[in-house]
Amino acid sequence: MKRSLQTDDAVSELRPVPLRRQRDYRLLLSARAVSETGAEVSRLAVPLTAAALLGASPAQMGVLSAAGALPYLLAGLQAGALADRMRRHRPVMIGCELTAAAATATVPVAWLAGWLTVPWLIAVTFTVGLCSVLFRACSFPHIAAVVDESQRPQALAGFQTANSLAVIGGPSLSGLLVQIFTAPFALLADALSFLASAFLIRGIRAPEKHVPAAPRGMWTEIREGLRAVVAAPALRALCGSGMAINFFGGAYMAIFILYAVTVLELPAGMVGAVSACFGVGGLLGALATTRLIGRVGENRMLRYAVLLFPLDYVVTALASGPVWSRFAVMAASGLVSGAAIVAFATSMGAITLREAPAELRGRVNATMTFGIHGVVAAGGLAGGLAGELLGLRPVLWCGAAGIALLAIPMVWLSPLRHSPAPLPR
């Protein structure tokens, strides 16, 4: 009996503390939550400032929209190589947040001084985007220093919960701040969110044990990250399916508002409510994903989630009947799709952390981010052009067919169709 009790005690000591009781994880999660909420404010306040106060042309609005995503294409791969060279990621993450806060705070100052222009907004948006690229490249391997391997799916689901809450509450907060303080001064909320995030990350005490990769030249290291993704069947399937999903998702987003307003004749309030349902679905998905992954594993969860991705395209294309009926089916579809995307993203992050070699995590994540985020702009351009040539509804059917014929087989015909041995708990 005594020996049995000692063995049980030893096992309990090896079992990680629940995440809700881990101070460092709570700080990291809180940092993500406030930063994402601030970003939602900027997503409304920046284009409003450009269009309503500075009289931006359609071409300038297009450049402004692209400025935030452009750093992923220009510096995403290099950021991953730099992250793998670092022994400590936390100071760089703090520096990124402080730089983004300073850049964002220049907007209301410039507006007061009469200096604010559209190029100024473009430069600020690009700077914040560049900080985001480097922050994300460092934060991905940093998760391994804060969270035990067996708890990473749960931690990633927590981050998805924070993002979903920001998507739900951020637009309302943004609209209120713009209404009270005007768009340029609403951006102070985003600057403060960056400062709060830096302060919270600074409080993390977990030792960083990352072994930096020896520098062998930037492009050599980038090629190693690309090779790691291409050579590993599981990572290759994740990246390929993610690119297919985001390409057709970009096409969907390019024509959705126009389709909802002109074809389905939904009022603007209903269109906004459909988007909010997507965020609510993401929140519910984040809350359920951890438990489901614990039962079925990351691989199986990913396979189930990807099957639901064509649903939103099909439901939107088929929506008919009275306005309330169209809204109801699209809201329900948004709930399911939001949950599926969060489940897929959470599982994808956990599998990437599991499959990528520790010394290549930054580059592997940067390579996948480069591909998956980079195709959104291409998908948007393709969707807009196809909408002009073919009509809006065919774009939806093409999206459903593309995901069904590309993304789903990439997952189901890859090694991800098998579930790995469970980690000891």
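Since this is a predicted model, take the numbers as computed values, not measurements.
- Contact annotation: the side chain of Val92 approaches that of Cys96 to within less than 4.5 Å [non-hydrogen atoms, C-beta and beyond].
- Between Arg354 and Asn299 there is a side-chain heavy-atom pair separated by less than 4.5 Å.
- Between the Asp24 side chain and the Val146 main chain, no donor and acceptor come within less than 3.5 Å of each other.
- For Trp120 (side chain) and Val107 (main-chain N/O), no donor-acceptor pair under 3.5 Å exists by modelled atom type.
- No donor-acceptor pair under 3.5 Å is formed between the side chain of Ser333 and the backbone N or O of Val329.
- From Asn365, atom CG reaches atom CD1 of Ile372 across 9.0 Å, with rounding to the nearest 0.5 Å.
- The distance from the CG atom of Leu416 to the CZ atom of Arg236 is 10.5 Å, given to the nearest 0.5 Å.
- Separation of atoms OG1 (Thr49) and CG (Leu54) is listed at 7.0 Å; rounding is to 0.5 Å.
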**Request:** In sequence, state the C-alpha distance, the side-chain angles, and the governing distance for Leu406 and Phe248, and then conclude on side chain to side chain contact (heavy atoms under 4.5 Å, CB included).
**Result:** CA-CA 11 Å; Leu406 293 175; Phe248 293 107; 4.0 Å; yes
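- Within the 4.5 Å cutoff, the side chain of Val230 has no heavy atoms near those of the Thr367 side chain.
- One N or O on the side chain of Tyr25 and one on the backbone of Ala155 form a donor-acceptor pair closer than 3.5 Å.
- Proximity of Phe344 to Leu308: side-chain heavy atoms (C-beta onward) are nowhere separated by under 4.5 Å.
- Between the side chain of Asp190 and the backbone N or O of Ser42 there is no donor-acceptor pair closer than 3.5 Å.
- Screening Val411, Leu302, Val229, Val364 against Leu238 for a side-chain contact (heavy atoms from CB on, under 4.5 Å) leaves a single residue, Leu302.
- By the 4.5 Å heavy-atom criterion applied to side chains, His142 and Ile204 are counted as neighbours.
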**Request:** Assess whether side chain to side chain contact (heavy atoms under 4.5 Å, CB included) is satisfied between Tyr313 and Cys398, documenting all intermediate values.
**Result:** CA-CA 9 Å; Tyr313 298 81; Cys398 288; over 6 Å; no
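- Using a distance-only test at 3.5 Å, with no hydrogens or angles considered, a donor-acceptor pair links the side chain of Ser139 to the main chain of Arg136.
- Between the side chain of Glu298 and the backbone N or O of Gly349, no donor-acceptor pair lies under 3.5 Å.
- Rounding to the nearest 0.5 Å gives a distance of 12.0 Å between CG of Leu226 and CE of Met368.
- Using a 4.5 Å cut-off on side-chain heavy atoms (C-beta onward), Thr99 and Phe194 make no contact.
- With hydrogens and angles disregarded, a donor-acceptor distance shorter than 3.5 Å links the side chain of Arg303 to the backbone of Arg417.
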